[in-house]
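Take a look at the structure set out below.
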Amino acid sequence: MTDYPQPTPQDERSYPFDKIEPKWQKFWRDKGLFKVDTASYKDKFYCLMMFPYPSAALHVGHGRNYIIGDVVARYKMMRGFNVLTPMGFDAFGLPAENAAIKGGIHPEESTLNNIKTMKRQLDQWGVEYDWDRIVISCDPAYYKWTQWIFTKLYEKGLAYKKKAFVNWCPSCKTVLANEQVVNGACERCDSEVLQKDLEQWFFKITHYAERLLKDLEKLPNWPDRVKAMQKNWIGKSEGVEIDFKIENLADTLKCYTTRIDTIYGATFIALAPEHPLVEKLISGSPDEKNSLKAINKMRAESKISRADAEVAKEGVFTGRFVINPVNHEKVPIWVANYILMEYGTGAIMAVPAHDQRDFEFAKLYKLPIKVVIDDPKHPLDAGTMKEAHIGEGIMANSGQFNGMKSEVAVEKIADYFEEKKMGKRSTQYKLRDWLISRQRYWGAPIPIVYCPKCGIVSVPEKDLPVLLPKNVEFRPTGESPLKFSEDFVNTKCPKCHGPAKRETDTMDTFVDSSWYYLRYITPKLKDKPFDTGLVNRWLPVDQYIGGVEHAILHLLYSRFITKFLFDIKMTGFDEPFKNLFTQGMIIKDGAKMSKSKGNVVSPDKLIADYGADTVRLYTLFIGPPEKDAEWSDRGTEGSYRFLGRVWRLVEKIHSSSLRGAEGDEAISKVKIASAASQPRNDSLKRKTHLTIKKVTEDLDGGFHFNTAISSIMELVNETYDLSVSEIANDAVKQKVMSEAVEAIVILLSPFVPHIAEELWSNLGKPSSIFRMKWPEYDRSAIVEDVVTIVVQVNGKLRSKVEVPSDIKEEGLRQMVLADPKIKEITSGKTIKNFIIVPKKLVNIVIG
RNA sequence: GGGCAAGUGGUGGAAUGGCAUACACGAAGGACUUAAAAUCCUUUGGCCGCAAGGUCGUGAGGGUUCAACUCCCUCCUUGCCCACCA
């Protein structure tokens, strides 16, 4: 048995982060480091992070967004910008309402509690904001203006009401947003989502479809991925709308096609079950009753299964025919479940030979298949084809167009249709109008009043906000909870002052978040949503940072609202976010971090164990920030070790040993590095300036935090090669060393602000480090007198030679060929080519 | 079916035409310690070799080039988004 004392755990902490982090956080807040006076907009930089929904608590995956934003803000600050970084909360929404139904706590209470928790977490991370500008979307002072935007859209005819099919969860008894429907089932309870036909409010985003598409070109600094997703979502296609004459009826049937070149191959027409002409077409047909029954079945089914692509094709013949205008053939009209009423005209000309869906349908109902686009080398045979020929080819069986390339015929036939007035060119979009009404409680009420005399009346600005009443029974019944609040519903008509009723639906929370970035500039303004003059100075946002999951919805809606506000001259810009950065997700155990999967890593414990700087550093070092990354608890220890190394470097070498030249015992034992080709002080000075260059380029050229940090690690490693005794007696080395250490601290400061601030002050420098100028590298310090040239023979590395950096070609050639290894390899061989990449490489090509 | 990413050591990743594997994790060994932790140092792609060195090697196959992880073509795999969109 031993009687030695047990180890004490105090040394587990290699530097006192628990003391310094709260200290500097308080310092920044007391000094108002992040407070901005928007009146001075010279060198402004608007750094915006997507504001969060206030859920219970943040995990380290959320943290990535805020940490990245904080690094950008601090870096830009040191580059002399007047940086605005505000934060707020997207505080309306279903989760709080559901929690309230379960737990009985009012959504407002739980939301405000969650905001408190999240704010504390952000504070502990050392992520700083101008909190005076906080914007909370459930605050009446904010949603007043959300409602105001609604009324403006309504005035311009861009907010309207219509009957529409919406997603309905029978078990939650509520309407769901499209994004809450996953593979046809409710996101939360997994029951099958039904469709209900309800009166709904829409924003006419389709009015902006072309501009939303075209203006993507104005956004060169958005990720291509996001632009591609938006483009895809808007889904523009150009084609021809054909007018088909219906045999024995006065009506024309309009069909939209992008493949007018296949018109001669149309062997049937297919209508969506919901097409308005369906009843008229089948009336009088011998099998009218059964047909209608089958069509009604399709109507019911097709809507449920719309989310499910693998539904079998089904159809009913109407008994009617159209006349194909190009060849006067009779073409039968069918009703088919795969045709969508929402797209195009809800009717298509079906060309089985050249469209896979039409092909399957034709096979099923034994309809004719006619090849009109052929490949002369491998002619198609309609009888034996296994699938449709989708691609281009040579026109066949197409009258006057035979022999043309199909891509030419597309234009020729379109011209022909327009000349003969048989149809016209037409552009279609997949984008649908934005359904914004929700039969839910926890949202901004739609500011509309229904008056028996005046009809639909929007609430005038002086009566806004329409306050969300607090005492409402919001248990799900399938109807808007506000319907049951008599005080809320019964009101006076703003026009005739007679009794009237309020709209009881609330707005989609995406409406709240589609303009919040404008509110931050003048967050407390009472008489306007924002000050146009100031907003025009501060926007567009210089850097927007957020998750790619918002690539379509939030970013598209925000662009739409910005364009609308531009059109009504509220703003002078029509794109809100100049630069967009979308960070990757943090993965744990192969899945996205989420509470339901039970793989969340809480920052609170990590910060308690290692400090915020370690968590920040690891989050930034884990990999390229735009990519997903697997979280490893081990990895945090590496970051922690590195910070300890920096701490000891500054504390021991610089502040004590250098001055006293005493030499800390542990440090004096550091080995003296092996001889280098240059004097060590030169090499360290050069490395210092190369590191400044590299870190600056990594931050300016993109968000390459991981490589910036690794280059600082290299510099730290190099300083460890110098021993204390080496420095102590050499004034030049001391200078080089302190320059390196200062560079390390300042270059690290955006990433790990607390330790940097502490070390900076320990070095005797004035606080705050974030009021310092970002260092610039010295060109003369990075030039080399001697460079190492890599010598390849026939592309293979064979040797390295050191040459003066200003060597001429002939001299270099001689030195390279004089190298013993090269001499041996090249002896007796003919040198065919001698390629020189200056200061880098030589490649000798021999026979 | 369409669109977009990505595929490199035991692991996260670096290198965007010029030394493949920087930096870090993990592992092994050493110094310090009664011991451990911490710290500091060394080694660490495979194969052959005592070594010097050689050789193979960035999902697969081809191509362009003096030179390819990088550019081009074909294919495979994984992930994400969209999807009976005419």
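Every chain is numbered from 1, with letters handed out A, B, ... down the list of sequences. All values below come from the heavy atoms of this structure, side chains included, with hydrogens, waters and symmetry mates left out.
B:U64 and B:A52: their P atoms are spaced 38 Å apart (whole Å). B:G10 and B:G63: their P atoms are spaced 29 Å apart (whole Å).
Within the 3.5 Å criterion, the main-chain N or O of A:Val793 finds no donor-acceptor partner in the side chain of A:Arg798. Looking at A:His389, its side chain never comes within 3.5 Å of a backbone N or O of A:His354 through a donor-acceptor pair.
Rounded to whole Å, atom P of B:C80 lies 9 Å from atom CG of A:Asp628. A:His550 has its NE2 atom 13 Å from the P atom of B:C81, to the nearest Å. Taking atom NZ of residue A:Lys231 and atom P of nucleotide B:G2, one finds them 16 Å apart after rounding to whole Å. Regarding A:Phe361, its CZ atom lies at a distance of 18 Å from the P atom of B:A86, rounded to whole Å. When rounded to the nearest whole Å, the span between CD of A:Glu637 and C1' of B:C23 equals 18 Å.
Annotation: A:Arg645, atom CZ; neighbour count of heavy atoms from other residues, nucleotides and ligands within 6.0 Å is above 12.
Close to B:C25, at under 4.0 Å from its OP1 or OP2, lies a side-chain N or O of A:Arg641. Residue A:Tyr343 places at least one side-chain N or O under 4.0 Å from the OP1 or OP2 atom of B:A86. For A:Arg798, a side-chain nitrogen or oxygen approaches OP1 or OP2 of B:G54 to under 4.0 Å.
For B:G49, the O4'-C1' to base torsion is more than 90° from 0; the nucleotide is therefore anti.
Listed nucleotides B:G2, B:C84, B:A6 differ in distance to A:Asn232; the shortest reach to its side chain belongs to B:G2. Closest to the side chain of A:Pro624, from the set B:C25, B:A86, B:G13, is B:G13. Distance from the side chain of A:Asn717 is smallest to B:C23 among B:C40, B:C23, B:C81.
Contacts of A:Gly638 with the nucleic acid, taken as non-hydrogen atoms under 4.0 Å apart, involve only primed sugar atoms and P, OP1 or OP2. Within 4.0 Å of A:Asp358, counting heavy atoms only, lies no atom of the nucleic acid at all.
Both the sub-6.0 Å distance and the 45° axial angle are satisfied by A:Arg813 relative to the ring of A:Phe834. A cation-pi contact, defined as under 6.0 Å to the ring centre and within 45° of the axis, links A:Lys313 to A:Tyr338. Within the cation-pi definition used here (under 6.0 Å to the ring centroid, within 45° of the axis), A:Arg616 does not qualify as a partner of A:Phe751.
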- [ ] Summarise how protein sits on nucleotides 15-22 of chain B as a single string, 5' to 3': B when a protein heavy atom is under 4.0 Å from the base, S for sugar-phosphate-only contact, - for no contact.
- [x] ---BB--B
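The only option from A:Val601, A:Ile622, A:Thr636 that meets the side-chain contact (heavy atoms from CB on, under 4.5 Å) definition with A:Val60 turns out to be A:Val601.
One can find a donor-acceptor pair under 3.5 Å joining the base of B:C84 and the side-chain atoms of A:Lys313.
Across the strands present, B:U58 finds no partner; the criterion is a Watson-Crick or G-U wobble pair with both atom distances under 3.5 angstrom.
One finds a salt bridge joining A:Asp261 and A:Arg259 here, because a Lys/Arg side-chain nitrogen approaches an Asp/Glu carboxylate oxygen to under 4.0 Å.
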